[in-house]
**Q** 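A single structure is presented below for examination.
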Amino acid sequence: MPWFVVDDSAHMHPKLLAATNAGLGLWLRCGSYAAQHLTDGIVPGHVAKMYGTPGQIRKLVAAGLWHEHGHTCTHPKCAQPSPGDYYMHDYLDPYNPSRREVEARRAREADKKRRYRDRERGGVQLPLDEPVDNTPPPRPRRDEQQPIPADWQPSDADVERAQLARADAGQPQLTPQQLDTLTRRFVRRMSDDGRRAAAWGGRWQQWAENERTEPAPPPGGNVVQLGAMTRSQQQRAGLEALREQMNGGHTA
């Protein structure tokens, strides 16, 4: 029976009931010891005495949960312990792996990890049944990051992704002229701020996605370029446009 049995007296094996709660506690603790130290079910005498009392040990032996040296259990996997030690009845049948099985599994896992690391270092494609490392690639080191070139331009993929993001957000598409103006402004800002990067496409896309455009002028209206004007120049230009409209399109 498994040493990790659930402590439920309504469904507990009669042998466990006969061992009493105190004996069950000793049985569980020594089962954990055997599993951790790969003893194949052998409980050293000093461990049994350290975890339990002589009375608890006698109850486990009397209940048939433990065997002493010279036992006559007919179970084929109940080993014969050395004098003073004990064996947990049917420990290896089929509930707990043997020491040989555990060590063989650990060796296979270690070998698989070693082969995986060797393939990874050699740049070899991993088979489908090998574990895949989903760890994100390391960020570029500082010495790999460079200032933005003065003639830097976004790639076609950068422009396409930015335009698609704008469409998803319900924003108008940028014209070639707006893209050119945006890019020159982006390069100037990155340069003025002393920014460094291994790639600039992602940052440019954010700028393009957030670029705000002026609504189209009404039919027949005059387009006033305000982007390059100072605040006072913009006010004067606005007043001139208002006077022109009030005079029927003729300045005073």
Side-chain angles (χ1 to χ4, degrees), residues 1-139 141:
M1 67 183 62
W3 62 265
F4 46 84
V5 67
V6 178
D7 187 8
D8 182 355
S9 59
H11 302 89
M12 193 178 296
H13 194 280
K15 289 184 178 181
L16 298 177
L17 292 174
T20 71
N21 286 340
L24 176 59
L26 175 60
W27 182 70
L28 289 170
R29 294 188 68 184
C30 289
S32 297
Y33 176 91
Q36 180 181 0
H37 295 277
L38 303 179
T39 67
D40 286 347
I42 295 293
V43 180
H46 69 278
V47 173
K49 294 175 182 177
M50 177 176 62
Y51 286 161
T53 65
Q56 294 167 357
I57 295 174
R58 286 195 298 270
K59 287 181 178 179
L60 291 178
V61 173
L65 293 173
W66 280 10
H67 299 316
E68 295 180 294
H69 175 71
H71 72 85
T72 58
C73 179
T74 59
H75 196 286
K77 291 189 177 181
C78 281
Q80 195 67 243
S82 301
D85 294 342
Y86 303 91
Y87 184 80
M88 302 186 71
H89 176 69
D90 71 0
Y91 178 85
L92 297 176
D93 189 22
Y95 313 106
N96 301 290
S98 67
R99 182 188 189 95
R100 178 180 298 179
E101 292 171 340
V102 172
E103 291 179 344
R105 186 189 72 241
R106 291 175 179 175
R108 289 194 301 269
E109 292 174 352
D111 182 64
K112 181 179 290 186
K113 291 179 180 179
R114 178 188 58 78
R115 289 186 289 108
Y116 177 76
R117 288 193 296 266
D118 291 344
R119 290 191 181 97
E120 190 178 43
R121 282 193 290 265
V124 178
Q125 181 98 20
L126 294 175
L128 294 177
D129 60 346
E130 292 286 353
V132 177
D133 186 3
N134 292 320
T135 304
R139 299 182 63 182
R141 299 192 306 270

**Q** What is the distance from atom CE of Met50 to atom CG of Leu26, rounded to the nearest 0.5 Å?
**A** 10.5 Å
**Q** Rounded to the nearest 0.5 Å, how far does CG of Leu92 lie from NZ of Lys77?
**A** 6.5 Å
**Q** Ignoring hydrogens, what is the shortest heavy-atom contact between Pro44 and Ile42? Give both atom names and the distance.
**A** CD-O, 3.6 Å
**Q** Hey, can you tell me if His67 and Tyr87 have their rings parallel, tilted or perpendicular (30° and 60° cut-offs)?
**A** parallel
**Q** By the ring-ring contact (aromatic ring centres under 6.0 Å, His included) test, which pairs, at least two apart or in different chains, include something from residues 28-64?
**A** Tyr33-His37
**Q** Counting N and O atoms only, with roles assigned by atom type, does the side chain of Ser82 sit under 3.5 Å from a partner on the main chain of Asp85, one being a donor and the other an acceptor?
**A** no
**Q** Could you tell me which non-hydrogen atom of Gly70 sits nearest to which non-hydrogen atom of Gln80, and how far apart they are?
**A** N-OE1, 2.5 Å
**Q** Just verifying a value: how many Å separate Tyr91 OH and Asn96 CG, rounded to the nearest 0.5 Å?
**A** 4.0 Å
**Q** Please list all pairs passing the side-chain hydrogen bond (donor to acceptor under 3.5 Å, both in side chains) test where one or both residues lie in residues 100-110, with sequence neighbours left out.
**A** Arg99-Glu103
**Q** Please name the pair of heavy atoms, one in Gly64 and one in His89, separated by the smallest distance, quoted to 0.1 Å.
**A** O-CB, 3.3 Å
**Q** For the CD atom of Glu68 and the CG atom of Leu60, what is their distance to the nearest 0.5 Å?
**A** 11.0 Å
**Q** Quick one: side-chain contact (heavy atoms from CB on, under 4.5 Å) partners of Ala48, sequence neighbours excluded?
**A** Val43, Ile57, Trp66, Tyr86
**Q** So, taking the atom named CD in Gln56 and the one named CH2 in Trp27, what distance separates them when rounded to the nearest 0.5 Å?
**A** 14.5 Å
**Q** Quick one: does any side-chain atom of His71 pair with a main-chain N or O of Ala79 as donor and acceptor, under 3.5 Å?
**A** yes
